[in-house]
Amino acid sequence: MNIKKFEAATFEEALLRVKTEMGPDALILSTEEVHRGLFKKPSVEITAAVERKEKAKGLDAKTLEKVFPHRRHQTSPVENIEVAARKKPAPTPAATPVRKAVPTVPASDLEMDLLSVGLSLDTARAFARQIVMDYSRQDCENAEFLEKVKTRFLSAQMKTLLPDIFQTRRSWAVVGAPGSGKTSFTVKLAVSLRGQGVSVRLSSCDRRKVVGRQELAAYAKLIEVPFHAEGTQEKRADQVFLLDTPSVDRGGPLYAQVEKHCRDLNTLVVLDASQRLEELLRSIDNFSRLAPVALAFTRLDVVGSAGVIYDVLKTTKLPLLACSVSPELSKGAAFFEVADLARFLVRKPIVTREQTFLMDAGAAHGTENLV
């Protein structure tokens, strides 16, 4: 019995080698996935065997003459057929050409690269496999081309709410979990609108946190916009109304109060980009009864990888309004086109020591005006 091992990139290629070299009667003994290195694509190893049958030794011509002397100079019709067959051997079938695997970038390397920008494991794995299937190794080794592929992939699953649409809706209620930075983000929205020549009015319905109302009133005075403490709204066609709400949990005593205020307003959910995907989705679900129409993210200036924004927008199907990308309130909120947002997410910003200090200080003291 002849036993051999065959190794190839895929099971089909290894099996084709077995059938080509050992014939259709080959017996598959085992199949094993082989890992040659940490970052190399695994291959398939097949162990096969074939039984070599010994050919029966026939009688030579001299022996036939001794046994059958009367048939020395003649042959039977059957013998004639055998002779003809030996003179004209049957044509051997052409061997099926072995298809060579197209070399490509290992999916594991691409997956790690996508994970480094903050995408979830499932998203990074699916995207890496798609790149390996659709593009050659030469294309994937081109950093500029690969960035365009990433941008196109992310853009297809995200939506943004442009400033023009934001301004036409006029009245907004800003909600968020404790420590998400919604109060300072409300001020940043007002700064951005003021910079575009839009009239803005700030208000607060947080009766539980007097310091928060005083803080928002101080910011309103600083940026020179009107402020009302009780959440009253005088509808004006030429003015955008921004209402800061208390941080509440579903079923809590203040949730009904916030829900009443949001009934006549557009709800904007503010999220902390430094949190995990599960926490962000849980926070959005907490405000689902308020019918949010858009999302916003804070603390992008202290987050080294912002890819989690893609997974949130893809899962919730909600558009992104704006982001906080600077600790300075005077910089305002950053609005994005979809393609610009995708390019922003695939980059890898460096977190400075000062930014890390701001993030740690904000978490320690529970302040919202650091971002």
Side-chain angles (χ1 to χ4, degrees), residues 163 166-167 169-249 252-272 287 290 292 294 296-299 301 321-334 358 361-371:
F166 168 64
Q167 295 172 21
R169 301 201 176 187
R170 293 300 175 184
S171 302
W172 290 83
V174 185
V175 301
S180 61
K182 66 178 175 56
T183 300
S184 57
F185 185 79
T186 303
V187 179
K188 286 191 173 187
L189 280 178
V191 170
S192 297
L193 293 172
R194 284 273 294 165
Q196 298 171 14
V198 179
S199 177
V200 187
R201 183 158 59 95
L202 296 179
S203 184
S204 174
C205 63
D206 190 357
R207 300 179 180 178
R208 179 184 56 181
K209 188 178 177 183
V210 178
V211 177
R213 295 201 305 272
Q214 294 176 348
E215 182 183 17
L216 185 60
Y219 281 128
K221 184 177 181 180
L222 181 65
I223 63 177
E224 298 179 349
V225 299
F227 173 79
H228 297 274
E230 296 302 324
T232 57
Q233 178 188 8
E234 299 173 2
K235 294 184 180 181
R236 291 178 53 182
D238 61 339
Q239 191 177 66
V240 175
F241 177 75
L242 300 177
L243 175 65
D244 185 30
T245 64
S247 302
V248 295
D249 294 323
L254 294 179
Y255 195 92
Q257 175 188 344
V258 175
E259 186 176 10
K260 181 180 178 181
H261 281 285
C262 294
R263 192 171 301 161
D264 299 326
L265 304 176
N266 297 283
T267 304
L268 172 66
V269 179
V270 177
L271 303 169
D272 182 355
F287 298 107
L290 306 181
F297 285 86
T298 62
R299 295 193 172 90
D301 53 307
L321 173 61
C323 295
S324 172
V325 297
S326 171
E328 301 178 14
L329 291 175
S330 59
K331 294 292 182 64
L358 286 173
H365 297 89
T367 55
E368 297 181 347
N369 58 351
L370 293 175
V371 180

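For Thr298 (side chain) and Ser324 (main-chain N/O), no donor-acceptor pair under 3.5 Å exists by modelled atom type. A donor-acceptor pair is defined here as one N or O able to donate and one able to accept, closer than 3.5 Å; such a pair exists between the side chain of Ser192 and the backbone of Ala333. Ser171 contributes no side-chain N or O that, together with a main-chain N or O of Phe241, makes up a donor-acceptor pair within less than 3.5 Å. For the pair Thr267 (side chain) and Leu290 (backbone), a donor-acceptor distance under 3.5 Å is present.
Gln239 approaches Arg170 most closely through the heavy-atom pair O-CD, 3.4 Å. Here the closest heavy-atom approach between residue Gly179 and residue Asp272 is recorded as O-OD2, 4.3 Å. For Ala220 against Phe227, the heavy-atom pair with the smallest separation is CB-CB, 3.7 Å. Looking at every heavy atom in both residues, Ser247 comes nearest to Lys182 through OG-CE, 3.5 Å. Contact detail for Phe185 and Phe297: the closest heavy-atom pair is CE1-O, 4.3 Å. Ala173 and Leu265 make their closest contact through CB-CD1, 3.8 Å (heavy atoms, listed as atom of the first residue, atom of the second, distance).
Atom SG of Cys205 sits about 11.0 Å away from atom NZ of Lys260, to the nearest 0.5 Å. The distance from the OG1 atom of Thr186 to the CG atom of Leu242 is 6.5 Å, given to the nearest 0.5 Å. In this structure, the separation between CZ on Arg169 and CG on Leu268 is 11.0 Å, given to the nearest 0.5 Å. With values rounded to the nearest 0.5 angstrom, Leu243 atom CG is found 12.0 Å from His228 atom NE2. To the nearest 0.5 Å, atom CG of residue Leu321 and atom CG of residue Leu189 are 6.0 Å apart. Separating the NZ atom in Lys188 from the OG atom in Ser330 is a distance of 8.5 Å, to the nearest 0.5 Å.
Taking the six-membered ring for Trp and thresholds of 30 and 60 degrees, Tyr255 and Phe287 have nearly parallel ring planes, at less than 30 degrees apart.
Contact of the Leu216 side chain with the Val187 side chain is registered, since non-hydrogen atoms from C-beta on lie closer than 4.5 Å.
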